[in-house]
Structure formats: C-alpha cells, structure tokens
Amino acid sequence: MSAYSSDLLRLLAERGYIHQLTDAAGLDALAAKQVVPGYIGFDPTAPSLHVGSLVQIMLLRRLQQSGHKPIVLMGGGTGKIGDPSFKDEARRLLTDDVIADNVASIKTVFERFLTFGDGPTDAVMLDNATWLDKLEYIPFLRDVGQHFSVNRMLGFDSVKLRLDREQSLSFLEFNYMILQAYDFMELSRRAGCRLQMGGSDQWGNIVNGIELARRMDGTEVFGITTPLITTADGGKMGKTMSGAVWLNADQLSAYEYWQFWRNTDDRDVGRFLRLFTDLPLDEIARLEALQGAEINDAKKVLADAATALCRGEAAAADAAETARRTFEEGAAGDDLPTHAVTGTIAVVDALVALGLAASKGEARRLIKGGGARIDGERVADEGATIAVSAPVRVSAGKKHHGLLTPG
C-alpha cells in the first residue's frame with residue numbers, strides 16, 4: 001500500500017477498493033501531479049439505486065476526498081439497452097419517459113455523497129443520452145465498429161458466461177460494450193476524463209474503452225475495478241429477506257436502512273466500516289477488534305455512520321433512537337415500517353404488507369418455524385388474525401419489525 005505516491009491510490013488501497021488496475025504506475029504518477037477526472041456509469045433501471053451500488057458511489061467520494069474530480073454518468077442512452085454483463089437474461093426495455101423519471105429520482109442521492117459545482121474538483125453529472133441518442137448507425141459502424149474484434153468480445157467473461165449457458169444474448173445487448181467504450185472516449189474528449197471505475201464485472205468494458213481512446217485519439221486513459229462485495233456468509237451485498245436495500249428515502253425508511261447495517265455479520269464489520277464510512281482507519285481497527293457482545297457497539301457505529309452519509313445526521317439519530325426504544329425498552333419506535341389497517345388483518349397478510357416476508361408462502365413458513373411474533377408473543381396458528389385498534393408490533397425473527405396502525 002505504501003508503494004503508491006498519490007493520495008488517491010493510497011486511500012483506495014488502504015480502504016480495500018482496488019481489485020484490478022490497468023496501469024498502476026501510470027495512474028499513480030498522473031494522480032500525484034494533477035487533478036484526475038474519473039467517472040462511473042449508472043444505468044437508471046429503477047427509481048433508486050440500492051446498496052449494491054454503494055461501493056461505486058463511495059469510490060467517487062474517495063476520488064473527490066483525495067483531490068480529484070468525480071463524474072457521475074447517468075445511462076439515459078445505455079439504459080435503453082441494459083448491460084448484459086453476468087446477467088442470466090435480457091433486461092426489460094424501458095420507455096424514454098420511465099428512464100427520464102428514474103434519472104431524476106436517482107440524482108438526488110448523489111448530492112448526499114458528493115459536492116457538485118463548477119470548481120476543479122467539484123462533481124458533475126452527465127447523461128450519455130446527450131451523445132448516444134445522436135449517433136448515426138452507418139457512420140458509427142464505420143468509425144467506431146472497426147476497432148472492435150468480435151472474436152475478442154466473445155471471449156470476455158461477461159459474454160462468454162451467457163453463451164456457455166446457452167442463454168440468448170441479443171444483438172442489442174451485444175452492442176452495449178461498444179457503447180460503454182464510446183462513452184469513455186466521449187468523456188475523455190468532453191471533460192478531460194482520464195479514469196473509468198466500476199465493479200469487477202466491468203473489467204472487459206473498461207479495457208475496451210481504454211483501447212478505443214488510444215486507437216481513435218491517441219489518448220492514455222486508465223481503469224480501476226473494485227472487488228465483488230459479498231457478505232461473510234457468501235451472500236450478495238444488499239439482498240435481504242424483505243428485498244433490496246434502496247438508497248432513496250421514498251423507497252426505504254431510514255430505520256430500515258439503519259437496521260440493515262446494524263445486522264451486519266460480525267466478520268464484515270471492519271471491512272464495511274472501511275468501505276462505507278469516513279471513520280479514521282485507527283478507529284476502525286479498534287472497533288473491529290472488539291469481541292463478544294461488544295462487537296454490537298461497532299455495528300451501531302457502522303449503522304449510524306452509513307445512515308448519516310446516505311440520509312443525513314438527523315435521520316440517522318432518529319433511526320438509532322427508534323432501534324434503542326424498540327430493542328432496549330421494548331417500545332414501538334416511530335420509524336418502523338407501518339401499515340394502516342381498518343378492523344382486522346391476517347398475520348400472513350400483515351407480514352407481507354410490512355415487507356417482513358416476500359410472499360404469503362414465506363409468511364406461513366415463518367409462522368410454522370416459530371419466527372413470527374405479535375407484540376413479542378410467538379404466533380403458532382398460520383390462520384391467526386390481528387384486531388388493530390391500537391398500534392401493534394409485528395416481528396419476523398429477532399431483528400425485523402413493523403408496526404400495524406389503526407386505519
């Protein structure tokens with residue numbers, strides 16, 4: 001780690017962001033002598049990004065913290081196709097209106113993590129529809145397509161995996177990596193962008209962009225990929241029993257977001273503190289060394305810090321207080337997921353409505369396994385109903401709770 005001369009690569013290495021570098025020495029030298037504009041692309045496939053995208057957002061934050069310029073590239077153009085990288089099947093095609101709405105919604109979360117403006121290290125947000133929507137097919141094939149070898153494209157893991165499984169890969173999707181390479185070259189031309197970053201599944205796409213910029217413009221640009229972020233038990237980061245952990249406040253309450261981090265596996269606490277908070281490394285070392293029940297204090301610090309970054313200090317404090325009241329005092333906190341009920345509701349339906357179970361079948365299995373509780377009392381009957389004349393706390397296991405309120 002100490003081998004790097006630039007603040008950028010030292011910071012990324014110390015906190016565990018680096019999986020692959022295209023030219024470590026070249027990028028290190030460049031970052032040590034000038035401001036490096038770097039970008040990450042985000043396709044607007046939903047109204048909110050989820051925790052699975054957070055390591056990339058934090059990577060842009062680290063870029064800015066070390067004195068460089070983050071470029072957030074919204075995929076208003078590529079979102080009309082969908083990245084096939086390591087996907088089992090084609091994404092559903094979205095209309096222009098839906099994409100525009102999703103872009104507008106996603107933009108808001110970046111303002112929490114980055115400082116936007118006109119300064120040399122201020123973040124900017126661009127949309128690749130600006131240039132991709134204007135491309136003409138024949139000139140694009142002639143000028144850009146000639147630089148791509150189909151043989152090589154077929155050899156990239158992101159494509160090869162799909163073909164090896166004999167799953168259909170449309171020509172539309174196959175074009176995605178060419179368009180992403182073109183994005184990198186356009187950003188190099190328009191914004192002096194010298195660096196593309198992304199997850200490990202983006203390595204092939206990034207390398208294509210580096211080669212295209214070199215062949216067409218003679219420009220030297222660089223790439224960094226991050227490790228695949230999985231949990232200690234091998235699960236995918238951001239997937240929970242009740243669905244995706246959304247970053248936007250209108251998609252997931254601050255309490256549920258806080259609780260996601262509070263429920264981190266003991267083995268992941270140190271790594272997640274380095275990746276997802278700004279806490280100093282010596283403080284993180286102290287926290288991850290805690291043993292036994294004390295590790296729960298480190299998890300609360302993680303939950304507070306991660307929630308404050310994404311939702312603000314006040315929301316984090318409210319969520320922590322709700323958790324304290326719910327778990328330490330046994331009270332029903334104000335920020336739990338809620339569902340209004342007029343009269344009575346089946347326990348199975350309540351579990352689904354509160355997001356504590358993904359389906360009625362899952363809710364029945366939860367009850368059968370003894371994991372469902374109403375105001376702390378275990379539910380034994382799968383057909384049980386609840387009369388809601390006052391707030392009622394519904395629990396799935398020890399860590400997931402919701403509140404039924406009179407409608």
For this session: Classify the side-chain pair E362/S359 by whether it contains a donor and acceptor separated by less than 3.5 Å.
Result: no
For this session: Taking atom CD of Q291 as the centre, report whether more than 12 heavy atoms of other residues, nucleotides or ligands fall under 6.0 Å from it.
Result: no
Exercise. So which heavy atom on A305 is nearest to which on L279, and how close?
Worked result: CB-CD1, 3.9 Å
Problem set entry | E313 CD: over 12 foreign heavy atoms closer than 6.0 Å | no
For this session: Look only at the side chain of T344 and the backbone of I386, and say whether a donor-acceptor pair between them is shorter than 3.5 Å.
Result: no
Seminar exercise, completed: Taking every heavy atom of G76 against every heavy atom of D127, the minimum-distance pair comes out as N-OD1, 2.9 Å
Exercise. How far does CD of Q196 sit from CD of Q202, to the nearest 0.5 angstrom?
Worked result: 7.0 Å
Problem set entry | Inter-residue atom distance C193.SG - E186.CD, 0.5 Å rounding | 12.0 Å
Exercise. Does K69 reach the main-chain N or O of V36 with its side chain, forming a donor-acceptor pair under 3.5 Å?
Worked result: no
For this session: Could you grab the distance from atom CG of L356 to atom NE2 of H401, nearest 0.5 Å is fine?
Result: 9.0 Å
For this session: Provide the closest heavy-atom pair for S66 versus L8 in the form atom of the first, atom of the second, distance.
Result: OG-CD1, 3.4 Å
Exercise. For T78 and D43, does a side-chain donor sit closer than 3.5 Å to a side-chain acceptor?
Worked result: yes
Exercise. Would you find a donor on one side and an acceptor on the other, under 3.5 Å apart, between the side chain of D268 and the backbone of A232?
Worked result: yes
For this session: Show your reasoning for whether side-chain contact (heavy atoms from CB on, under 4.5 Å) applies to V394 and V379.
Result: CA-CA 10 Å; V394 181; V379 180; over 6 Å; no
Exercise. Between D7 and Q65, is a side-chain contact (heavy atoms from CB on, under 4.5 Å) present by the stated rule, with each step listed?
Worked result: CA-CA 9 Å; D7 291 342; Q65 286 174 334; over 6 Å; no
Problem set entry | Residue among N263, T264, D265, D266 satisfying side-chain hydrogen bond (donor to acceptor under 3.5 Å, both in side chains) with K299 | D266
Exercise. For the side chain of R15 and the backbone of L275, is there at least one donor-acceptor N/O pair under 3.5 Å apart?
Worked result: no
Exercise. Out of curiosity, T121 OG1 to L63 CG, how far, rounded to the nearest 0.5 Å?
Worked result: 9.5 Å
Problem set entry | N128 (side chain) donor-acceptor with G77 (main chain) under 3.5 angstrom | yes
Seminar exercise, completed: Here the pair of heavy atoms bringing R112 nearest to L309 is CB-O, 3.3 Å
Seminar exercise, completed: Residues G370 and R378: closest non-hydrogen pair is O-CD, 3.4 Å
Problem set entry | Carboxylate-amine/guanidinium contact R365 E382, below 4.0 Å | no
Exercise. Do S200 and Q20 get their side chains close enough for a donor-acceptor pair, meaning under 3.5 Å?
Worked result: no
Exercise. Are Y182 and N208 close enough that a side-chain donor and a side-chain acceptor fall under 3.5 Å?
Worked result: no
Exercise. Ion pair present between D217 and R189, side-chain N to carboxylate O less than 4.0 angstrom?
Worked result: yes
Exercise. Which class fits the ring pair W246 and H50: parallel under 30°, tilted 30 to 60°, perpendicular over 60°?
Worked result: perpendicular
Problem set entry | Between CZ on residue R10 and CG on residue D28, distance to nearest 0.5 Å | 8.0 Å
Exercise. Taking atom types as modelled and ignoring hydrogens, do the side chains of D183 and W131 form a donor-acceptor contact shorter than 3.5 angstrom?
Worked result: yes
For this session: Indicate yes or no: does E288 engage R274 in a salt bridge with an N to O separation below 4.0 Å.
Result: yes
Problem set entry | Backbone N/O of L49 and side chain of S53: donor-acceptor pair under 3.5 Å | no
Exercise. Should the pair R62 and Y17 be classed as cation-pi, given the thresholds of under 6.0 Å to the six-membered ring centre and 45° from the axis?
Worked result: no
Problem set entry | Least distance between heavy atoms, L366 atom then A396 atom | CD2-CB, 3.5 Å
Exercise. Is it the case that D304 and W258 place a side-chain donor and acceptor less than 3.5 Å from each other?
Worked result: yes
Seminar exercise, completed: With L212 as partner, the option from V144, T219, V207 fulfilling side chain to side chain contact (heavy atoms under 4.5 Å, CB included) is V144
Exercise. Are any non-hydrogen side-chain atoms of T45 and I99 less than 4.5 angstrom apart?
Worked result: no
Exercise. Between OG1 of T322 and CG of L403, what distance do you get to the nearest 0.5 Å?
Worked result: 10.5 Å
For this session: Look at the side chain of S6 and the backbone N and O of A31, then say whether any donor-acceptor pair between them is shorter than 3.5 Å.
Result: no
Exercise. Donor-acceptor pair, H19 side chain versus P227 backbone, under 3.5 Å?
Worked result: no
